[in-house]
Protein chains: 2
Amino acid sequence: MEGSPPLLSPAEADRRLRAAGVRVTAQRRAVYEALAADPLHPTVEAVHSRLKKNWPSLPLPTVYRIVEDLAVAGLIRRVASDGGPQRLDANAERHQHLVCRACGRMEDWTSAGLSGLSLPRSLPDGFSGETYDIRIVGLCRTCSAKAEARGIIPKRRKS
Amino acid sequence: MEGSPPLLSPAEADRRLRAAGVRVTAQRRAVYEALAADPLHPTVEAVHSRLKKNWPSLPLPTVYRIVEDLAVAGLIRRVASDGGPQRLDANAERHQHLVCRACGRMEDWTSAGLSGLSLPRSLPDGFSGETYDIRIVGLCRTCSAKAEARGIIPKRRKS
DNA sequence: ATCTCATATGATAATAATTATCATATGGAA
DNA sequence: TTCCATATGATAATTATTATCATATGAGAT
Ligand SMILES: [Zn+2]
Ligand SMILES: [Zn+2]
Ligand SMILES: [Zn+2]
Ligand SMILES: [Zn+2]
């Protein structure tokens with residue numbers, strides 16, 4: 001139902017950590033696995049909750065630090081959102097995002113059309129573009145159904 | 001040098017506020033004008049600072065409330081960023097963003113090619129797309145120059 | 001123009017999100 | 001194994017944002 005995003009193999013993950021000068025620890029592996037298992041771009045808090053069962057003692061500040069380490073090593077990245085706590089992404093393949101303006105749900109989306117889009121060669125002001133990301137904003141299936149039932153749904157305060 | 005983004009006329013701004021059931025006050029006008037004068041997608045804190053001169057008594061929590069009101073009324077919006085404090089945008093015209101991964105600078109960019117992009121008609125999962133936004137990520141002129149001088153610039157912690 | 005009252009502001013406190021500090025533990029090189 | 005630079009766990013501090021509440025004010029009705 002909820003397909004996990006393509007994650008790195010444990011060996012490859014370890015290799016990237018070491019390549020970035022980040023030591024491989026059980027906690028880092030656990031945080032990475034928790035992230036890789038969640039396709040909905042969880043917050044740090046959500047990752048911490050998910051880890052409660054197997055790592056009841058892992059403190060939230062440590063999860064924050066590890067998230068930063070994993071990002072530095074390129075195993076995960078922070079994904080753009082309209083305020084609120086940072087949202088994380090362990091999906092290693094190039095993809096775009098569908099963002100629900102009502103509930104904040106964010107799911108991955110891979111489109112040949114959009115993903116093949118190339119950067120304009122000339123950008124203003126000497127800006128040197130390296131990549132781009134696209135957010136498609138609208139209503140997810142659930143909120144879309146609600147909207148149909150009750151009329152328009154207003155924009156939520158925070159995503 | 002730093003062109004202010006297209007802002008609403010005072011009359012139009014007032015009209016939209018009243019239409020949304022938001023009273024027109026001197027403070028709300030001041031916050032809107034401060035935002036409209038800043039093309040770099042300031043944080044709430046930055047707007048507050050900018051207002052210090054003419055509104056030394058306006059407290060930060062009030063600026064937060066007013067920003068929320070202006071967003072509800074559609075005078076401004078929150079713009080997507082990779083964590084950190086929310087960034088605001090008073091530019092009323094359809095546009096995209098150039099984001100510097102080194103310093104977090106975010107500038108507007110209007111491209112006929114990208115802005116004319118139309119949403120794919122079929123999105124997965126019953127998601128109903130309404131709009132999209134594109135972030136072009138790279139290095140701004142300043143950081144680009146630094147990179148040329150010293151070699152690669154690493155990704156900054158927060159944008 | 002004055003009255004009225006629902007709503008905004010200003011002052012302040014509280015909460016949420018994130019980062020810092022530091023003593024102890026441990027990965028991994030020698 | 002020994003060693004040491006770095007990670008964790010515990011905790012405090014800081015930053016970002018929201019809540020509360022007494023007073024002030026916008027704007028509709030007299
Ligand atoms: Zn939704
Ligand atoms: Zn994603
Ligand atoms: Zn820059
Ligand atoms: Zn903008």
So which one's nearest nucleotide on DNA chain D is more toward 5', Arg18(B) or Thr43(B)?
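Per heavy-atom nearest nucleotide, the more 5' residue is Thr43(B).
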Can Asn91(B) and His41(B) be counted as having a side-chain donor-acceptor contact under 3.5 angstrom?
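The criterion, which ignores hydrogens and geometry beyond distance, is not satisfied for His41(B) and Asn91(B).
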Distance alone, cut at 3.5 Å: any donor-acceptor contact between the side chains of Asp108(B) and His97(B)?
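There is such a pair between these side chains.
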Check this for me: does any side-chain nitrogen of one of Arg28(A) and Asp69(A) sit under 4.0 Å from a carboxylate oxygen of the other?
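Answer for the salt bridge query: yes.
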Donor-acceptor contacts, no H, no angles, side chain residues 50-67 of chain B, under 3.5 Å, sequence neighbours left out:
residue	atom	partner	partner atom	Å
Thr62(B)	OG1	Arg65(B)	NH2	2.7

Starting at [atom1] of [X] and ending at [atom2] of [N], how long is that distance when rounded to a whole Å?
X	N	atom1	atom2	answer
Glu68(A)	dT8(D)	CD	C1'	16 Å
Gln86(A)	dT18(C)	CD	C1'	8 Å
Leu17(A)	dT6(D)	CG	P	16 Å

Member of Val79(B), Leu98(B), Leu40(B) meeting the side-chain contact (heavy atoms from CB on, under 4.5 Å) criterion with Met106(B):
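The option that passes is Val79(B).
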What residues in residues 45-64 of chain A put a non-hydrogen atom under 4.0 Å from any atom of DNA chain D?
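Heavy-atom contacts with DNA chain D come from Ser57(A), Leu58(A), Pro59(A), Pro61(A), Thr62(A).
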In terms of hydrophobic clustering (I, L, V, M, F, W, Y; side-chain heavy atoms under 4.5 Å; direct or indirect links), are Val72(B) and Val44(B) co-clustered?
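Different hydrophobic clusters.
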Is Val24(B) touching bases, backbone alone, or none of the nucleic acid, heavy atoms closer than 4.0 Å?
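Since only primed, P, OP1 and OP2 atoms lie under 4.0 Å of Val24(B), the category is sugar-phosphate.
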Can you confirm if the NZ or CZ of Arg101(B) lies within 45° of the ring axis of Phe127(A) and under 6.0 Å from the centre of its six-membered ring?
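Pair Arg101(B)/Phe127(A) does not count as cation-pi.
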Kindly indicate, with the supporting measurements, whether the criterion salt bridge (charged side-chain N to carboxylate O under 4.0 Å, His left out) is fulfilled by Arg87(A) and Asp82(B).
CA-CA 8 Å; Arg87(A) 308 275 304 254; Asp82(B) 305 335; over 6 Å; no
Distances for protein N or O near nucleotides 4-8 of chain C N or O, under 3.5 Å:
residue	atom	partner	partner atom	Å
dA6(C)	N3	Arg23(B)	NH1	3.4
dA6(C)	N3	Arg23(B)	NH2	3.0
dT7(C)	O4'	Arg23(B)	NH2	3.4
dT7(C)	O2	Arg23(B)	NH1	3.4
dA8(C)	OP1	Arg28(B)	NH2	3.2
dA8(C)	O5'	Arg28(B)	NH2	3.4

